[in-house]
Participant: 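Here you go, one structure.
Below, chain A is the first sequence line, B the second, and so on; all start at residue 1.
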Amino acid sequence: MNKIRNIKGTKDLLPDTTFIWQELEEKIHHFNQQFGYKEIRTPAFEESDLFKRSVGSETDIVNKEMYSWIDQGGNNLTLKPELTAPVTRAYIQHELGKSNPINKLYYIDALFRRERPQKGRQRQFHQFGVEVFGSKFPEQDAEIIIMAFTFLQSLGLDDISLEINTIGSKSIRGAYITILQDLLNKYRQDFSAIDKQRLDKNPLRLFDSKDLKCREIVNETAPTIYDYISKEDRLHFDNVCSILNDSGIQYTHNQKLVRGLDYYTRTTFEIKSSSLGSQDALCGGGRYDELVEQLGGTSTPAVGFAAGIERIIMTLENQIQRSHKSIDIFMILISSDALSPGMNLANNIRNKCNLSVITETLRRSMRSQMREANRLNANYSIIIGEDEIKSNTAIIKNMQNGEQINMDMDKIINYFIKG
RNA sequence: GUGACUGUAGCUCAGUUGGUUAGAGCACCUGUCUGUGGCACAGGGGGUCGUGGGUUCGAUGCCCAUCAGUCACCCCA
């Protein structure tokens, strides 16, 4: 019989790495609470239409990467490939805007995209992010950009860089794309097959083509979107920049920064790490002022970002030292008569002293149990064998200095309370 | 979806110009130590050399296919 394996592009997090996740998740909760953001959790799957209408039916995510299926009731469902759309859906559905003019939300969640796995890319992966509904003002853009950047900095990541851009409103972007296509069509024969596809489907991507010649043509002949956006858009962007300037955070205005999802308007940004390889974006986000209305809510400005947890952990990996977590007490039980008294004692210590206690369940030799206590880095071991049962005592051994004392059972709790 | 590279013990990897019982280090188990860890020493378990086919007297090694992994493209966190 062949063994069943995990699905391609998914990962088991084994006990020797989960502590990293736990620590990072705690930091994310703490950090967001410091900014007054509240956690939101949405279901693992949604109606497929939600993503078609928000992310964009022409995007790769929707076209070829979604895990979709028809369920037994005939509904077309999809495992969420991103989180802005579900959170926006929840915001609209529960009328969060009615009870509060501004909603500052954050999440930590698993996402699913059927892509070919590679470094920094999986089919199930995790993101944390924030979404803010209600403020159209540049200080809100700046707040979340500062949040994203300072959080990553606080983790000790040094090789990170922040790029920001503005892409105007959706209608302006549409007009700009048409201009771009008309202009660049003249050079079509000079483009590679991939870039020809881009020209038709997503000409903004031509700005960061891997093909040097293509990049050269585009850079020399094409105007950037900054030349086309409205006065208001430009003012908004300038205000975001000036707040960032005052905050002291280093950034670059990358006029070619493009985001792949349809719903973005005005501000977009990305944080990259140079230590990641080809998939170097740790965090991406921007403003999406038109999405709420587009999904059937009353027009509400919004802005948010998402950061890849696996990618963050990867960049962290060099500096993580496998902290050998210690336990407080290992309970060595030698005779079968010792099992019940030992387990009861262990429970008492857990409850009354708030210590971690592991009890032997393998009936190993004393020597093996001692080794186990040592391997687990126990501060103390408590030994109960036949002699101790007879005299209603236990041996308490300090594993650091090897000293041990014989103690009456009913005094042990007190001993550990005093600590 | 396309391309390149890689698959030998739980992990990291040697190895055979095709030759009979396939190795090391770490980890694990036991003993030296009859109820006491770390150190040391001695021993032990664990592999149909990814899977299937072909060539050959003989394949872990060569050929083909297949699966899996890794990295890159596309795209994205």
Participant: To the nearest 0.5 angstrom, please state how far the CG atom of Leu24(A) sits from the CD1 atom of Ile20(A).
Facilitator: 9.5 Å
Participant: With a 3.5 Å cut-off and no angle check, do the side chains of Asp328(A) and Ser356(A) form a donor-acceptor pair?
Facilitator: yes
Participant: From NZ of Lys272(A) over to P of C76(B), roughly how many Å is that when rounded to an integer?
Facilitator: 12 Å
Participant: I want to verify a distance call: between C74(B), C75(B), G37(B), whose nearest atom is closest to the Lys64(A) side chain?
Facilitator: C74(B)
Participant: Got a second to check how far Ile327(A)'s CD1 is from Ile358(A)'s CD1, nearest 0.5 Å?
Facilitator: 4.0 Å
Participant: What's Glu82(A) touching, base or sugar-phosphate or nothing? Going by heavy atoms closer than 4.0 Å.
Facilitator: nothing
Participant: Taking atom C1' in both U56(B) and G18(B), compute the distance separating them and give it to the nearest angstrom.
Facilitator: 9 Å
Participant: What distance separates Glu65(A) CD from Ile61(A) CD1, expressed to the nearest 0.5 Å?
Facilitator: 6.0 Å
Participant: Where the side chain of Ala281(A) is concerned, which of C76(B), A77(B), G37(B) is the nearest nucleotide?
Facilitator: A77(B)
Participant: Taking distance alone, no hydrogens or angles, what donor-acceptor pairs closer than 3.5 Å link side-chain atoms of residues 333-340 of chain A to residues at least two apart or in another chain?
Facilitator:
from: Ser335(A); atom 1: OG; to: Asp337(A); atom 2: N; distance (Å): 3.2
from: Ser335(A); atom 1: OG; to: Ala338(A); atom 2: N; distance (Å): 3.4

Participant: Using atom P in both nucleotides, what's the gap between U60(B) and U2(B) to the nearest angstrom?
Facilitator: 31 Å
Participant: Hey, does Ser368(A) reach any base, or is it just sugar-phosphate, or nothing, if we go heavy atoms under 4.0 Å?
Facilitator: sugar-phosphate
Participant: When rounded to the nearest Å, what value does the distance between C1' atoms of A9(B) and G45(B) take?
Facilitator: 11 Å
Participant: Contact class for Leu261(A) vs. all strands (heavy atom < 4.0 Å): base, sugar-phosphate, or nothing?
Facilitator: sugar-phosphate
Participant: Using OP1 and OP2 only, check whether a side-chain N or O of Arg367(A) sits under 4.0 Å from G35(B).
Facilitator: no
Participant: Which residue pairs pass the salt bridge (Lys or Arg N to Asp or Glu O under 4.0 Å) test when at least one of the two sits in residues 173-192 of chain A, sequence neighbours left out?
Facilitator: Arg188(A)-Asp200(A), Asp190(A)-Lys213(A)
Participant: Considering only heavy atoms, which members of residues 341-350 of chain A lie under 4.0 Å from some atom of RNA chain B?
Facilitator: none
Participant: CD of Glu115(A) versus P of G1(B): gap in Å, rounded?
Facilitator: 13 Å
Participant: List for me each residue that meets ring pair (Phe, Tyr, Trp, His ring centres under 6.0 Å) alongside Phe133(A), sequence neighbours excluded, and say none if there are none.
Facilitator: Tyr91(A)
Participant: Starting the side chain at C-beta, find the nucleotide from A77(B), C75(B), G1(B) nearest to Arg114(A).
Facilitator: G1(B)
Participant: For the P atoms, the ones on C13(B) and on U8(B), what distance do you get once it is rounded to whole angstrom?
Facilitator: 9 Å
Participant: Ile194(A) has an atom CD1; how far is it from atom P of G3(B), in whole Å?
Facilitator: 13 Å
Participant: Reckon Ile395(A) touches a base, only the sugar-phosphate, or nothing at all at heavy-atom distances under 4.0 Å?
Facilitator: base
Participant: Between the base of U36(B) and the side chain of Gln404(A), is there any donor-acceptor pair under 3.5 Å?
Facilitator: yes
Participant: Among pairs that include at least one residue of residues 130-149 of chain A, which meet salt bridge (Lys or Arg N to Asp or Glu O under 4.0 Å), considering only residues two or more places apart or in two chains?
Facilitator: Lys104(A)-Glu143(A), Asp141(A)-Arg287(A)
Participant: Any non-hydrogen side-chain atom of Leu111(A) less than 4.5 Å from a side-chain atom of Pro81(A)?
Facilitator: no
Participant: Quick one: Glu403(A) CD to U36(B) C1', roughly how many Å, whole number?
Facilitator: 15 Å
Participant: Would you tell me whether Ser326(A) and Asn377(A) have side-chain atoms, one donor and one acceptor, within less than 3.5 Å of each other?
Facilitator: no
Participant: Quick one, give me the B/S/- string for nucleotides 6-12 of chain B, reading 5' to 3', where B means a protein heavy atom under 4.0 Å from the base and S means that only happens at the primed atoms, P, OP1 or OP2.
Facilitator: -------
Participant: Can you check the Arg371(A) CZ to G37(B) P distance for me, whole Å?
Facilitator: 8 Å
Participant: Just to be sure I understand: a Watson-Crick pair is purine N1 to pyrimidine N3 plus N6-O4 or O6-N4, both under 3.5 Å. Using that and G-U wobbles, which stems of three or more pairs involve RNA chain B?
Facilitator: B:1-7 with B:67-73, B:10-13 with B:23-26, B:28-32 with B:40-44, B:50-54 with B:62-66
Participant: Are Lys170(A) and Thr265(A) close enough that a side-chain donor and a side-chain acceptor fall under 3.5 Å?
Facilitator: no
Participant: Whole angstroms only, please: what is the CE-C1' distance between Met370(A) and U30(B)?
Facilitator: 18 Å
Participant: In this structure, which one of Phe51(A), Trp69(A), Tyr67(A), Phe112(A) forms a ring-ring contact (aromatic ring centres under 6.0 Å, His included) with Phe45(A)?
Facilitator: Trp69(A)
Participant: What pairs meet the salt bridge (Lys or Arg N to Asp or Glu O under 4.0 Å) rule with one or both residues in residues 361-374 of chain A, with sequence neighbours excluded?
Facilitator: Glu360(A)-Arg364(A), Arg364(A)-Glu372(A), Glu372(A)-Arg375(A)
Participant: Heavy atoms under 4.0 Å, any strand shown: does Ile334(A) hit a base, just sugar-phosphate, or nothing?
Facilitator: base
Participant: Within the sub-3.5 Å range, which N or O atoms of nucleotides 41-45 of chain B have a protein N or O partner, and how far apart are they?
Facilitator:
none

Participant: Please work out whether the ring planes of Phe35(A) and Tyr37(A) are parallel, tilted or perpendicular, with thresholds of 30° and 60°.
Facilitator: perpendicular
Participant: Taking atom P in both A27(B) and A42(B), compute the distance separating them and give it to the nearest angstrom.
Facilitator: 15 Å
Participant: Across the strands shown, which category fits Arg113(A) at heavy-atom distances under 4.0 angstrom: base, sugar-phosphate, nothing?
Facilitator: base
Participant: Under the salt bridge (charged side-chain N to carboxylate O under 4.0 Å, His left out) rule, collect the residues that match up with Glu39(A), sequence neighbours excluded.
Facilitator: Arg41(A)
Participant: Where does the angle between the aromatic ring planes of Tyr226(A) and His253(A) fall among parallel (under 30°), tilted (30 to 60°) and perpendicular (over 60°)?
Facilitator: perpendicular
Participant: Between N or O atoms, less than 3.5 Å apart, protein on one side and nucleotides 25-28 of chain B on the other: list the pairs.
Facilitator:
from: C28(B); atom 1: OP1; to: Arg375(A); atom 2: NH1; distance (Å): 2.2

Participant: For the C1' atoms, the ones on A72(B) and on G50(B), what distance do you get once it is rounded to whole angstrom?
Facilitator: 24 Å
Participant: Grab the CD1-P distance between Ile332(A) and G37(B) for me, whole Å please.
Facilitator: 10 Å
Participant: Tell me, yes or no, whether the heavy-atom count around Glu47(A) atom CD, taken from other residues, nucleotides or ligands under 6.0 Å, exceeds 12.
Facilitator: no
Participant: Classify the nucleic acid contact of Gln197(A) as base, sugar-phosphate or nothing, counting any heavy atom under 4.0 Å across all strands shown.
Facilitator: nothing
Participant: Taking atom P of G31(B) as reference, at what distance in whole Å does atom CE of Met366(A) sit?
Facilitator: 13 Å
Participant: Between Glu388(A) and Gly285(A), who's closer to the 5' end of RNA chain B by nearest nucleotide?
Facilitator: Glu388(A)
Participant: Tabulate atom names and distances for all N/O pairs under 3.5 angstrom spanning the protein and nucleotides 65-72 of chain B.
Facilitator:
from: G69(B); atom 1: OP2; to: Lys8(A); atom 2: NZ; distance (Å): 3.1
from: C71(B); atom 1: OP2; to: Lys119(A); atom 2: N; distance (Å): 2.9
from: A72(B); atom 1: OP1; to: Ser278(A); atom 2: N; distance (Å): 3.1
from: A72(B); atom 1: OP2; to: Gln118(A); atom 2: NE2; distance (Å): 3.1

Participant: Distance between the P atoms of A4(B) and U66(B), in whole angstroms?
Facilitator: 14 Å
Participant: What distance, rounded to whole Å, do you find between the two C1' atoms, one in U55(B) and one in C41(B)?
Facilitator: 50 Å
